[in-house]
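Just so you know, these numbers come straight off a predicted model, no measurement behind them.
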Amino acid sequence: MKKWILALTLTGGVLTLGACNQSGSNTVAESKAGNVTQEELYNSMKDKVGDQALQQLMYEKVLSKKYKISDKELNEKVDQLKSQLGANFEATIAQYGYKSEADFKKTMKLGMMQEKAALKDVKVTEKELKEYYDNYQPDIKARHILVADEATANEVKKKLDGGAKFEDVAKEYSTDTASAQNGGDLGTINNTNKAQFDPDFVKAAFALKANEISAPVKTQFGYHIIQVTEKKEKKPYEEMKKDIEYQVKQSKLTSDVINKAMQRELKAADVKVTDKDLKDALATEKSSEKK
């Protein structure tokens with residue numbers, strides 16, 4: 001999820017660093033043991049996360065002038081992630097420290113601006129595009145029931161063939177408790193995320209027709225009964241070429257490529273850090289260390 005995002009591991013609280021001195025009062029907390037002033041809080045936050053916070057805030061200002069991200073683009077990107085993660089979306093973004101979907105969207109928007117800036121430097125060939133197309137498999141939506149042994153898998157398959165509801169059987173039998181609570185739903189499996197799944201599972205899933213239920217599939221995790229609930233058709237190359245070019249370019253993005261792009265944009269914007277404590281926050285070497 002965060003492959004191409006450099007300075008985006010910060011939670012919303014970090015970004016209050018730049019606003020610490022805008023309140024009318026100099027005191028942010030009081031106690032019988034003493035008060036905490038805005039200056040103390042600012043210096044403490046600057047010492048702990050100042051480099052990362054300045055990096056993120058400056059990237060936002062510089063990139064937003066040249067690389068526009070519409071609400072439609074942002075929502076589509078987030079919806080893609082929701083489709084991939086299914087019911088695990090909220091738990092996943094919480095794991096990365098985001099308080100809400102709105103909080104996550106702020107970070108995603110900056111990441112998308114970084115991506116647009118960096119993609120300008122990435123080149124691809126026609127051969128690479130056609131190879132990608134030849135290996136491309138259309139997205140599927142799948143659910144599964146995972147059990148420990150073949151005998152139980154056969155029992156599960158018999159129940160499903162007899163008309164039992166997949167989601168009910170998943171809740172009763174599946175040892176994958178996370179997906180079981182959602183009827184076995186695994187969300188969207190595609191060329192981007194299929195590497196996260198067992199190869200034998202992927203091979204069996206993509207071979208199924210829409211709504212078809214597999215025979216037991218053995219993997220390193222046990223035995224799966226898989227159902228593909230939705231399967232897209234593969235479009236002609238020319239119709240997909242623009243999207244393929246984006247996918248291939250994105251696959252070539254590395255931290256170094258993005259770092260170089262960010263340094264190019266900062267230089268073009270004539271950015272100067274006036275706080276001596278943060279003078280190296282935007283340096284290439286410093287950014288590389290924060291990857």
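- Other residues, nucleotides and ligands contribute at most 12 non-hydrogen atoms within 6.0 Å of the NZ atom of Lys48.
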Take Ile244 and Tyr136 through the side chain to side chain contact (heavy atoms under 4.5 Å, CB included) test and state the conclusion after the steps. CA-CA 9 Å; Ile244 290 173; Tyr136 174 81; 5.9 Å; no
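- One distance of note links CD of Glu230 with CG of Asn211; it measures 9.5 Å at 0.5 Å rounding.
- Rounded to the nearest 0.5 Å, atoms CZ (Arg264) and CG (Asn259) are 12.0 Å apart.
- Taking each heavy atom of Ser179 and Asp176 in turn, the nearest pair found is OG-OD2, 2.8 Å.
- Annotation for Val257 and Ala118: closest pair CG1-O, 4.2 Å, computed over non-hydrogen atoms.
- At a cut-off of 3.5 Å, with distance as the only test, no side-chain donor of His224 or Ser214 sits close to an acceptor on the other residue.
- Under a cut-off of 6.0 angstrom, the local environment of NZ in Lys68 is crowded, with over 12 non-hydrogen atoms contributed by other residues, nucleotides or ligands.
- The CG atom of Leu63 lies 11.5 Å from the NZ atom of Lys109; values are rounded to the nearest 0.5 Å.
- Counting heavy atoms from C-beta outward, Lys46 and Asp277 have side chains that approach closer than 4.5 Å.
- Counting non-hydrogen atoms of neighbouring residues, nucleotides and ligands closer than 6.0 angstrom, the NZ atom of Lys232 reaches no more than 12 such neighbours.
- A cation-pi arrangement is present between Lys234 and Tyr133 under the rule of less than 6.0 angstrom and at most 45 degrees off the ring axis.
- Among Lys123, Lys249, Lys241, Lys252, the single residue meeting the salt bridge (charged side-chain N to carboxylate O under 4.0 Å, His left out) criterion with Glu128 is Lys252.
- There is a path of hydrophobic side-chain contacts, each under 4.5 Å, that joins Tyr132 to Tyr237.
- Counting non-hydrogen atoms of other residues, nucleotides and ligands closer than 6.0 Å to NZ of Lys120 gives a total above 12.
- Two residues are said to be in side-chain contact when any heavy atoms from C-beta on lie closer than 4.5 Å; Lys141 and Thr188 meet this criterion.
- By the 4.5 Å heavy-atom criterion applied to side chains, Met112 and Tyr67 are not counted as neighbours.
- Glu233 places none of its side-chain heavy atoms less than 4.5 Å from the side chain of Pro138.
- Using a cutoff of 4.0 Å between basic side-chain nitrogens and carboxylate oxygens, Lys231 and Glu212 are not scored as salt-bridged.
- Summarising the geometry of Ile189 relative to Ala142, their closest heavy-atom pair is CD1-CB, 4.0 Å, with the distance given to 0.1 Å.
- When the shell of 6.0 Å around NZ of Lys260 is examined, it contains 12 or fewer heavy atoms from other residues, nucleotides or ligands.
- Summarising the geometry of Ile225 relative to Phe166, their closest heavy-atom pair is O-CZ, 3.7 Å, with the distance given to 0.1 Å.
- In this structure a side-chain-to-backbone donor-acceptor pair under 3.5 Å is missing from Asn35 to Val28.
- Under the 4.5 Å side-chain heavy-atom criterion for ILVMFWY residues, no single connected hydrophobic cluster contains both Tyr223 and Phe197.
- No path of Ile, Leu, Val, Met, Phe, Trp and Tyr side chains, each step under 4.5 Å between heavy atoms, connects Leu253 with Val248, placing them in separate hydrophobic clusters.
- Counting heavy atoms from C-beta outward, Phe221 and Thr175 have side chains that stay 4.5 Å or more apart.
- Atoms CG and CD, from Asn43 and Gln38 in turn, are 11.5 Å apart once rounded to the nearest 0.5 Å.
- Using a 4.5 Å cut-off on side-chain heavy atoms (C-beta onward), Tyr59 and Leu266 make contact.
- When the shell of 6.0 Å around NZ of Lys218 is examined, it contains 12 or fewer heavy atoms from other residues, nucleotides or ligands.
- A donor-acceptor pair under 3.5 Å is absent between the side-chain atoms of Asn182 and the main chain of Gly184, judged by distance alone.
- Both Ile258 and Met108 belong to a common hydrophobic cluster when Ile, Leu, Val, Met, Phe, Trp and Tyr are linked at side-chain heavy-atom distances under 4.5 angstrom.
- Side-chain contact between Lys82 and Glu101 is present, with heavy atoms from C-beta onward closer than 4.5 Å.
- Looking at Arg143 and Glu167, their side chains come closer than 4.5 Å, going by heavy atoms from C-beta outward.
- In the displayed structure, Lys116 atom NZ is contacted under 6.0 Å by more than 12 heavy atoms of other residues, nucleotides or ligands.
- Asn193 contributes a side-chain N or O that, together with a main-chain N or O of Asn190, makes up a donor-acceptor pair within less than 3.5 Å.
- Atom CG of Leu146 and atom OG1 of Thr177 lie 10.0 Å apart (nearest 0.5 Å).
- Ion pairing between Lys77 and Glu73 fails under the 4.0 Å rule for side-chain N and carboxylate O.
- Heavy atoms from other residues, nucleotides or ligands lying under 6.0 Å from CG of Asp71 number 12 at most.
- To the nearest 0.5 Å, atoms CD (Gln220) and CZ (Phe201) are separated by 12.0 Å.
- Leu85 and Val228 are members of different hydrophobic clusters when ILVMFWY side chains are connected at heavy-atom separations under 4.5 Å.
- In terms of heavy-atom proximity, Leu129 sits nearest to Glu245 at CD2-CA, 3.6 Å.
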After noting the C-alpha distance and the side-chain angles of Val217 and Asp198, does the key distance pass the side chain to side chain contact (heavy atoms under 4.5 Å, CB included) rule? CA-CA 11 Å; Val217 177; Asp198 183 276; over 6 Å; no
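- Side-chain N or O atoms of Asn88 include none that pairs as donor or acceptor with a backbone N or O of Ala91 at under 3.5 Å.
- Smallest separation of non-hydrogen atoms from His144 and Ser174: O-OG, 4.4 Å.
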